[in-house]
Amino acid sequence: MTVPVRSNSYRTGPDEEGHFGQFGGRYVPETLMPLILEVERAYAAAGRDPVFHAELKHYLTHYVGRPSPLYPADRLTAHFGGAHIYMKRDELNHTGAHKINNCLGQVLLARRMGKTRIIAETGAGQHGVATATVCALFGLPCVIYMGELDMERQRPNVFRMRLLGAEVRPVSSGSRTLKDAMNEALRDWVAHVDDTFYVIGSVAGPHPFPMMVRDFQSIIGEEVREQMVKAEGRLPDVLVACIGGGSNAMGLFYPFLDEPDVTLVGVEAAGHGIESGEHAASLAGGRPGVLHGSSTYLLQDEDGQVIEAHSISAGLDYPGIGPEHAWLHDAGRVRYVSATDQEALDAFTLCAKLEGILPALEPAHALAHVAKLAPTLSRDTLLVVNLCGRGDKDIFSVAERLGVEL
Amino acid sequence: MSDAPPRGRIAARFAALAQEGRGGLVTFLTAGDPDPQTSAALLAGLAQAGADLIELGMPFSDPIADGPAIQRASVRALRAGMSLRRTLDMVAAFRQQDQQTPIVLMGYFNPIVRYGIADFTAAAGRAGVDGLIIVDLPPEEDAELRRHAAAAGIDVIRLATPTSDDRRLPLILEGAGGFLYYVAVAGITGTRSATDAAVADAVGRLRNHTSLPLAVGFGIRTPEQAAAVARVADAPVVGTALVERLAAGLDDQEQAGPQTAESVLDLVSQLSSAVRSARA
């Protein structure tokens, strides 16, 4: 395996062809290649343009509400009796999740490129809502692809997207979840290369998307760094984030990759348990392969057919993972663990009762791991968990699991 | 190992077509659709019905460049137990009977990665596969596959599209093997059709850049459309129309009946006679 790392840095990837070691790349139909290359050039140009940065900062500050707080969760800390737990409150962003950090960046880029139509895929609906929101803000027509199963699980977000003026197109193929929504969005893009920009919601897809989404989400980790130094006079010791495609985790981890004393932990969705085969843990239960434009770890059978993922959380219900995570996994820089549906539900209710915060089921997986990890750590350990989304959208699924009729 | 050197079949077929002064017909069906037996029977009958080159789809769970008809073909084939290994077995069985008709496998990269790239190309070469079209493997990513395919005597066929501008074409053509596949519409299979004039324009432009034979696919559904392509290019590719014909012959349980294969082969015959007389 070739490793793109020069010197001792984990922050130099991807290489010019979009590879993180053996992962990443651009595995798309030829029709899309010129457009993908154009996105790459436009993104590089935007990165050099102070006007782009100023515009992004303006909306992140005054529209999204950044910086999000770094909150010392004292009741949870006392409950677990170990590490000092901080929550990065990205669920307080406008639209209720970290997704909008990336949507703003990509839609501003699409505008610079003269694209007049936006498409996106969504699983939990958070990325769809964020994309629909930014499109409403800029008056752009917006089509959101969403698996039929996810539409059932996330009814409030479907309605929200429609209120925002987006067209939500149900996807009935395959497992009718996030993977299939992404297939359909790619098919749309191939057929509308002239006017359309595909706002990919995670650190997935062909180069330059994994890099670009990571960069737009890195504001999470940059803020944590500054806020923790201000609060405690030093860097945090442990960072914990959930992983579906892995954008909130990548955004939290990236600014800390070259801090050897900061432990990074990514939490995949173990569904009914890794051993049950019904899970969404691509690293724990998958093998390297190629899907949706990049080479990465995938849940797949012996014949290379992609297996349907399972998670109570629609946002983690994806059989792949961002290629940079695949590389960080193999390089050993980030520790990847998993939490089951039940563990996430327990963490969800605990967080609601102890902190007065309904976390989304996605970060409830990160909290579930904190429940295991925090008690084993000393009281002077600074642990940050990324609360990347709020749980209002999940109350129907949670009620169903708790046997409550709403 | 078959008698004819594998590298030769695609080139030999296009040379023969040029000699005859006619266009060729390329047919696409998904391997194992709707079940391995019917699919094998179809494969055995295609050349007789007038297919000059055979494209065989390798079923995949997530075919991002395909429209609903070919997506459903993949689902049917996979449900019936098709796999990449069985696809190669099917080609090997076909080669026992037919040493001449080129077979090109078309599909997505992941099953090949899972099989092992070198193992796959070696097995495909032994089975009698002549070419590979991997739709999610652009020139930027296909070096490893091309290296192993070359060692097994298999051409990796490159795709050009309406979005392939003069800056990109040289990259596509450098290392293109067998023939060039022109995707006539920017989109997925089985949706829109390009106008005859647009195809003629594109073919003219491509001829300025390459001497490879040119096949044109996507949106070619009728004998008339196939004939129009055969007048300007070396071969039209018809896929979705055949897959839809096959699907129309299935019962409520998506099982093949006695007429299923025959009705597909009838359409192949009609397409073939239109293509054969196109330049007359």
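These figures come from a predicted structure and were not determined experimentally.
Donor-acceptor pairing under 3.5 Å is lacking for the side chains of His207(A) and Tyr27(A). A side-chain donor from one of Glu141(B) and His19(A) sits under 3.5 Å from a side-chain acceptor of the other. A donor-acceptor contact closer than 3.5 angstrom links the side chains of Thr189(B) and Asp66(B).
The candidate from Thr191(B), Asn110(B), Thr161(B) with the greatest count of non-hydrogen atom pairs under 4.5 Å with chain A is Asn110(B). Ranking Glu17(A), Met182(A), Arg287(A) against chain B, the residue ahead of the rest is Arg287(A), based on heavy-atom pairs under 4.5 Å.
Only the side chain of Leu37(A) comes within contact range of chain B, judged by heavy atoms closer than 4.5 Å. Both the backbone and the side chain of Arg187(A) come within less than 4.5 Å of a heavy atom of chain B. Looking at Val306(A), the atoms closer than 4.5 Å to chain B (heavy atoms on both sides) sit in the backbone and in the side chain alike. Neither the backbone nor the side chain of Pro206(A) comes within contact range of chain B; no heavy atoms are under 4.5 Å apart. Neither the backbone nor the side chain of Arg158(B) comes within contact range of chain A; no heavy atom of the residue lies under 4.5 Å from a heavy atom of that chain. Only the backbone of Met82(B) comes within contact range of chain A, with at least one heavy atom under 4.5 Å from a heavy atom of that chain. Heavy-atom distances place no part of Ile134(B) under 4.5 Å from chain A, backbone and side chain included.
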